[in-house]
Amino acid sequence: MSFLSATLSRVKPSPTIAVSNKAQELKAAGRDVIGLGAGEPDFDTPENIKAAGMRAIQDGKTKYTAVDGIAELKQAICAKFLRDNGLSYSPEQVSVGTGGKQILYNALMATLDPGDEVVIPAPYWVSYPDMVLLAGGTPVIAEASLESDFKLTPEQLEAAITPKTKWFIFNSPSNPTGAGYSRDELGALTDVLMRHPHVWVMTDDMYEHLAYDGFEFCTPAEVEPRLYERTLTCNGVSKAYAMTGWRIGYAAGPAPLIAAMRKIQSQSTSNPCSVSQWAAVEALNGPQDFLAPNNETFKRRRDLVVSMLSEIDGITCPTPEGAFYVYPSIAGLIGKTTPSGVVIENDETFATALLEDVGVAVVFGAAFGLSPNFRVSYATADEALKEACTRIQTFCASLT
């Protein structure tokens, strides 16, 4: 009998973390590696937010807090939802966790029973299906395609819903594709959800403020107010505020669901870091003027990467609406061979050969549920991106 739980066999380690770790190991061994795997802005946390964290330390705000967030942060979150999304929540409808991942996990743990299904559009963030499995549910993958700009159609959503469906997970702008749903596109999906009142909606709005070319972000309960009572609207400060290491995520939804999530958190981690909570108050309440110039930088990097990858025969690279990822297709490279004799059988062999041959770390598409693709994070310096894309061009040109 194995000492380890059978539950562990249902999940796998995060591929994005594995790629980042592998890149770090090669760098430590002296290899020249450019890592494009991590979904983490290279900007520093804004000074006013860092100062708020330091003040919290100096003022002795380093004790336990309420399990799912201090009152000041919950008020700031309520103000943010009203200001940015037109959604009115009270503090008892808000939960704060140790990053967005814990918020999603708490909700799934609090609601899923064996046999419950969760509809997840692919490409998806790598953790969604595994969190569903850990919580005892069944992921139902609905594949979008390059032809639909990696966006789920209403017909695909309708086909994926069954009487066992409990949640629909929605992420826009998307990790890994950067695809963003317009208000009309999202409205077509919410029309489907209105026909299935047993299905709840879990949004992952982490990339809300990272949008380009006039794309206007919207979230399901904003587009269809009748979904308000069965929507958990999730967000966090990690991406837009360059606060990945501070580990603060949050969500708002019906009070009974929030209370159930609080119970889960009370018996797992208890409160998020007190210092990080005070920094997040400043992030949400303080100046937002750095968002626009940061977005201009990301847009420039996006255009650079899309342009350089689109020059490669065999690669198709759509231009995303938001986030800081591109998700190119390598359909035209499948079956080709590297100079060392490795056959590119799929996107995983492509990513492995790319790392070993030219020192560029990307995440293979199968990790996100849709192949043959790979994900590039362009949240890194322009010169590193230029060099990485040049190496990818060189690598692909060497295939025969």
Side-chain angles (χ1 to χ4, degrees), residues 38-85 87-106 204-210 217 233-253 258-259 261-262 264-298 324 379-381:
E40 181 172 50
D42 63 327
F43 305 130
D44 197 10
T45 303
E47 291 299 323
N48 63 306
I49 299 173
K50 290 194 290 185
M54 288 187 279
R55 279 196 306 274
I57 295 173
Q58 292 162 351
D59 293 345
K61 294 175 178 176
T62 56
K63 308 296 185 185
Y64 292 133
T65 75
V67 166
D68 62 348
I70 59 176
E72 291 85 351
L73 181 50
K74 289 191 174 188
Q75 290 286 1
I77 291 165
C78 291
K80 172 263 176 289
F81 277 126
L82 188 60
R83 176 183 70 237
D84 295 344
N85 313 114
L87 295 173
S88 180
Y89 292 105
S90 59
E92 62 266 23
Q93 292 177 280
V94 173
S95 180
V96 182
T98 306
K101 185 177 286 189
Q102 185 181 27
I103 288 292
L104 302 175
Y105 185 70
N106 285 348
D204 181 349
D205 297 346
M206 192 63 74
Y207 297 91
E208 169 183 7
H209 293 300
L210 302 176
F217 170 84
T233 303
C234 307
N235 211 317
V237 298
S238 294
K239 310 299 184 178
Y241 298 95
M243 294 177 67
T244 50
W246 297 79
R247 306 310 300 136
I248 293 292
Y250 58 82
I258 297 298
M261 292 166 60
R262 184 184 309 122
I264 296 289
Q265 190 158 308
S266 74
Q267 298 294 2
S268 55
T269 62
S270 195
N271 67 272
C273 171
S274 61
V275 173
S276 295
Q277 291 188 63
W278 285 105
V281 171
E282 175 62 21
L284 295 178
N285 286 345
Q288 309 290 302
D289 53 353
F290 61 90
L291 293 174
N294 283 4
N295 273 13
E296 281 301 311
T297 298
F298 281 136
F324 38 64
T380 193

When every non-hydrogen atom of Arg83 is compared with those of Leu284, the smallest separation belongs to NH2-O, 3.2 Å

Could you check Tyr241 against Gln288 for side chain to side chain donor-acceptor pair (under 3.5 Å), going step by step and ending with a plain yes or no? CA-CA 9 Å; Tyr241 298 95; Gln288 309 290 302; 2.6 Å; yes

Test item: Thr65 side-chain N/O and Asn271 main-chain N/O as donor-acceptor pair under 3.5 Å: no

Please round to the nearest 0.5 Å and tell me the distance separating atom CG of Leu73 and atom SG of Cys78. 9.5 Å

Charged N-O contact under 4.0 Å between Glu208 and Lys80: yes

Reported CG-to-CG distance for the pair Asp204 and Leu104, which is rounded to 0.5 angstrom: 5.5 Å

Could you state the interatomic distance from OH (Tyr105) to OG1 (Thr269), rounded to the nearest 0.5 Å? 11.5 Å

Interatomic spacing from NZ in Lys101 to OG in Ser238 - rounded to 0.5 Å: 10.5 Å

Please name all residues satisfying ring-ring contact (aromatic ring centres under 6.0 Å, His included) with Phe298, sequence neighbours left out, ordered by chain then number. Phe43, Phe324

Check Pro91 against Gln75 and note the closest heavy-atom contact, atom names and distance. CG-NE2, 3.7 Å

With distance as the sole criterion, is a donor-acceptor pair present between the side chains of Gln93 and Ser90 under 3.5 Å? yes

Run Ile103 and Thr98 through side chain to side chain contact (heavy atoms under 4.5 Å, CB included) and show every step you take. CA-CA 8 Å; Ile103 288 292; Thr98 306; over 6 Å; no

Can you give each donor-acceptor pair under 3.5 Å made by side-chain atoms of residues 245-252, sequence neighbours left out, with the distance rounded to 0.1 Å?
residue : atom : partner : partner atom : Å
Trp246  : NE1  : Thr45   : OG1          : 3.1
Arg247  : NH1  : Thr244  : O            : 3.2

Dump the intermediate steps for side chain to side chain contact (heavy atoms under 4.5 Å, CB included) on Asp84 and His209, then the final yes or no. CA-CA 10 Å; Asp84 295 344; His209 293 300; 3.6 Å; yes

Between Ala283 and Val237 the two heavy atoms that sit nearest each other are CB-CG1, 4.4 Å

Stepwise ring-ring contact (aromatic ring centres under 6.0 Å, His included) check, Tyr207 with Phe217: CA-CA 9 Å; Tyr207 297 91; Phe217 170 84; over 10 Å; no

Sidechain-backbone polar pair: Ser270 side chain, Ser266 backbone, donor-acceptor under 3.5 Å: no

Contact summary for Pro272 and Gly69, nearest pair of heavy atoms: CD-N, 4.5 Å

Side chains of Glu72 and Asn285: donor-acceptor distance under 3.5 Å anywhere? no

What heavy-atom pair brings Gln102 and Ser268 nearest, and what distance separates the two atoms? NE2-OG, 3.9 Å

Taking C-beta and beyond as the side chain, do Tyr89 and Thr233 meet within less than 4.5 Å on heavy atoms? yes

What is the distance from atom CD1 of Ile258 to atom CD of Glu92, rounded to the nearest 0.5 Å? 10.5 Å

Pairwise distance CD1(Ile49) to CD(Glu282) - rounded to 0.5 angstrom: 6.5 Å

Does the side chain of Asn294 reach to within under 4.5 Å of the side chain of Leu210, using non-hydrogen atoms? no

Can you find a pair of side-chain heavy atoms, one from Lys74 and one from Ser95, that are under 4.5 Å apart? no

Between Asp44 and Lys50, is any pair of side-chain heavy atoms under 4.5 Å apart? yes

Taking all non-hydrogen atoms of both residues into account, name the closest pair between Met243 and Ala280 and its distance. CE-N, 4.1 Å

My understanding is that only residues two or more places apart in sequence, or in another chain, count here; which of them pass salt bridge (charged side-chain N to carboxylate O under 4.0 Å, His left out) with Asp205? none

For the residue pair Asp68 and Gln265, confirm or rule out a side-chain donor-acceptor distance under 3.5 Å. no

